[in-house]
Asks: 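Structure incoming, see below.
Note that the coordinates shown come from a computational prediction; the quantities given were computed from them, not determined experimentally.
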Amino acid sequence: MSNKSKKLIQFLIVLCLLLAGVSWLAGPKGYKAYDIVAVRRKVNAMKSEPDNSLDVLFVGDSESCDVYSPFQLWGEYGFTSYNTGSAAQRISDGYAILKQELQHQSPKLVVIEANTLFRDWDIYNKGYPGEYITERIIPLTHYHSFYKVMELPEWFIAQTGQLQNANQMKGFWLRKTSRPYTGSAAYMERETKKQSMAEGTKSYFEKTVQLCKDNNIPVLVVASPSPKNWTEGRYLAISEWCSQNDVGFIDLNHYIDEIGLDWSKDSLDYGDHVNFDGTLKVNTYLGQKIQSLYNLPDRRKENSSISDSWNEQYQKLGIYGGNS
């Protein structure tokens, strides 16, 4: 072997060692995730929550963060909560967030949005083999955008001006746009054959549920109203799994009339998510269900710094209880 070849090999070895070291420095500590930025932003935002102050944690994709409002639930039922959902969140990222938060919080319930169970799950992008192999060999390529945007405020990266600062609303994204869903009201009959979860998704789902059980926390899976995403086939798969694993499940798509949703007014984006008016109805219905099923406390009149803080922020927001 020539000296030139030896030097090249030595250079490549040193380069790989340097990249591995920088990857370790750049990567998050204590968890792995697909969307590092979104996970880190949620974990950072929740650092301001006092330890063991949250009764409920919501986990999931945009069907979670666009729907479940901690402050509406506080105003109507008096339990504390935080929405850890983010756009297109994979269950692997939900698991990463939850694992971090259970070091500081002891919730009485974890709610998992069912739609995230039908997304991809891997922390790497298997859809592009070259990218997948590179990220596995050199993790820095997976984490490279980590420091560039992790500190940008929520409003700066919002897709529209209607997105409020989610940190001020305990993770809830308030969006008022109304784009009606005009399809069939019988959308749950569209696909009646059971649609199974991917094995990787199911594995992370099981890990998430086991994490909760290890911490003596009950789990409730909730499918938010979504004609675009939800079907009877998905309901059958999740219902069967939850029944076999002693996990609660509420499919809100089966209770549209009871909730009082009007798809001509309460749809944000043609049946994908409900808008703010729709969330008001969904949270009233779901809050009553979970409070009664899980015996959650009403803390609104407690003499404590936590209840004072929640009451103060609730009044400051001025969007609930007739203050809008």
Asks: Check for a donor-acceptor pair, side chain of Tyr181 on one end and backbone N or O of Ser184 on the other, with a separation under 3.5 Å.
Replies: yes
Asks: Could you check if a side-chain atom of Tyr314 sits within less than 4.5 angstrom of a side-chain atom of Tyr320, using non-hydrogen atoms only?
Replies: yes
Asks: Any sub-3.5 Å donor-acceptor pair from Glu101's side-chain atoms to Ala96's backbone N or O?
Replies: no
Asks: Is any side-chain heavy atom of Trp173 closer than 4.5 Å to a side-chain heavy atom of Ser62?
Replies: no
Asks: Would you check if Val67 and Leu252 make a side-chain contact, meaning some heavy-atom pair closer than 4.5 Å?
Replies: no
Asks: Are Asp93 and Lys42 within salt-bridge range, i.e. N to O under 4.0 Å?
Replies: no
Asks: Kindly write out the residues that satisfy side-chain hydrogen bond (donor to acceptor under 3.5 Å, both in side chains) with Arg190, not counting sequence neighbours, or none if the list is empty.
Replies: none
Asks: For the residue pair Tyr95 and Tyr204, categorise the inter-ring angle as parallel (less than 30°), tilted (30 to 60°) or perpendicular (more than 60°).
Replies: perpendicular
Asks: Answer yes if the side chains of Glu76 and Gln72 hold a donor-acceptor pair under 3.5 Å, and no otherwise.
Replies: yes
Asks: Checking Ser239 side chain against Leu236 main chain: does a donor-acceptor pair fall under 3.5 Å?
Replies: no
Asks: Anything under 30° is parallel, anything over 60° is perpendicular, the rest tilted; go ahead and classify Tyr187 against Trp263.
Replies: perpendicular
Asks: Can a salt bridge be assigned to the pair Asp277 and Lys265 using a cut-off of 4.0 Å between side-chain N and carboxylate O?
Replies: no
Asks: Considering only heavy atoms from C-beta outward, does the side chain of Lys170 approach that of Thr80 to under 4.5 Å?
Replies: no
Asks: Can you tell if the side chain of Ser224 reaches within under 4.5 Å of the side chain of Val282, non-hydrogen atoms only?
Replies: no
Asks: Aromatic ring centroids of Trp310 and Phe79 under 6.0 Å?
Replies: no
